[in-house]
Amino acid sequence: MQRGIFAARTVRALGFGVLASLTPLAASAVGTMRITEWMYSGDEFVEFTNVGDQAMSLVGWSYDDDSRTPGSVLLDAFGSVDPGESVILSEADAADFRTAWSLGSQVSVIGGNTVNLGRSDEINLFDSSGTLVDRLTYSDQSIGGPRTQNQSANILPANLGANRADLALASVSGDAFASVLSSSGYPGNPGVYVPESETAALVAVGILVLAGARRGRVGSAA
Ligand SMILES: [Ca+2]
Ligand SMILES: [Ca+2]
Ligand SMILES: [Ca+2]
């Protein structure tokens with residue numbers, strides 16, 4: 001009995017010790033690439049952001065849609081991605097995409113993506129060993145969340161890496177994600193992912209916007 005209690009306390013103490021030693025490491029050791037925004041139709045693009053605090057080399061990394069195959073679309077051209085930096089994979093040529101969104105040359109864009117996204121599809125990010133780093137499975141019809149036709153949607157800081165498209169927020173010009181309109185008039189914010197503190201303060205507002213958008217979209221055609 002006495003031994004059992006001692007053992008339980010020891011295990012618990014060891015557990016806390018392990019947690020205490022791992023937490024700071026996990027928070028500070030590496031860069032962390034996450035899917036942060038996407039639009040499947042209109043000005044089709046996917047945005048990846050280094051939400052960690054170390055630069056990250058994307059040499060050897062790749063993207064695929066719901067066929068889930070590492071190496072399908074190489075992301076080598078992104079090179080090294082700084083902490084807080086967002087990079088773009090677009091269907092349009094990189095130059096055309098930059099023009100459409102008034103992006104400077106400081107935003108890395110890989111254009112001409114032919115592994116395109118549909119209304120119900122998936123975004124997969126693989127590292128140089130082919131290991132899945134992040135995935136976003138989305139469908140406004142079967143999963144919920146915004147329909148990203150002619151508007152992008154954003155992953156909130158709390159949901160990064162969690163594959164919760166249903167909790168994504170549609171972009172609205174002038175919103176907390178610094179959304180603007182493309183030359184086609186579509187709202188989005190490719191090339192920037194606003195800091196967590198600013199976004200978190202406006203999450204409640206975003207949820208209200210989303211709820212309003214859902215109410216206003218009842219009965220939309222395919
Ligand atoms: Ca598409
Ligand atoms: Ca597809
Ligand atoms: Ca963005």
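For reference, positions follow the sequence shown, starting with 1. In listed order, ligands and their atoms are each counted from 1.
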Could you walk me through whether E47 and T36 pass the side-chain hydrogen bond (donor to acceptor under 3.5 Å, both in side chains) test, one step at a time?
-> CA-CA 6 Å; E47 178 187 78; T36 46; 2.7 Å; yes
Derivation of the ring pair (Phe, Tyr, Trp, His ring centres under 6.0 Å) call for W38 and Y138 = CA-CA 10 Å; W38 86 105; Y138 68 87; 5.3 Å; yes
Would S108 and E85 satisfy side-chain contact (heavy atoms from CB on, under 4.5 Å), going step by step from the backbone distance to the final call?
-> CA-CA 9 Å; S108 277; E85 182 180 355; 4.2 Å; yes
List the steps, then state whether side-chain contact (heavy atoms from CB on, under 4.5 Å) holds for N116 with D121.
-> CA-CA 9 Å; N116 294 123; D121 213 326; over 6 Å; no
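At least one N/O/S atom of Y40, from backbone or side chain, sits under 3.0 Å from the Ca ion (ligand 1). With a cut-off of 3.0 Å, the Ca ion (ligand 1) has an N, O or S atom of E44 in range.
The shortest non-hydrogen separation linking T137 to A165 is O-CB, 3.4 Å.
Here the protein contributes E37 OE1, E47 OE1, E47 OE2, N189 O, N189 OD1, V192 O as N, O or S atoms under 3.0 Å from the Ca ion (ligand 3). Within the protein, the N, O or S atoms lying under 3.0 Å from the Ca ion (ligand 2) are D65 OD2, N116 O, D121 OD2.
Side-chain contact of D82 with S80: a donor-acceptor pair under 3.5 Å is absent, judged by distance alone.
Taken to the nearest 0.5 Å, the CG atom of L160 stands 9.5 Å off from the OG1 atom of T32. Atom-to-atom distance recorded for L117:CG and D66:CG is 8.5 Å, nearest 0.5 angstrom.
Contact check for F45 versus F97: side-chain heavy atoms found under the 4.5 Å cut-off. The side-chain heavy atoms of N154 and E37, taken from C-beta on, include a pair separated by under 4.5 Å.
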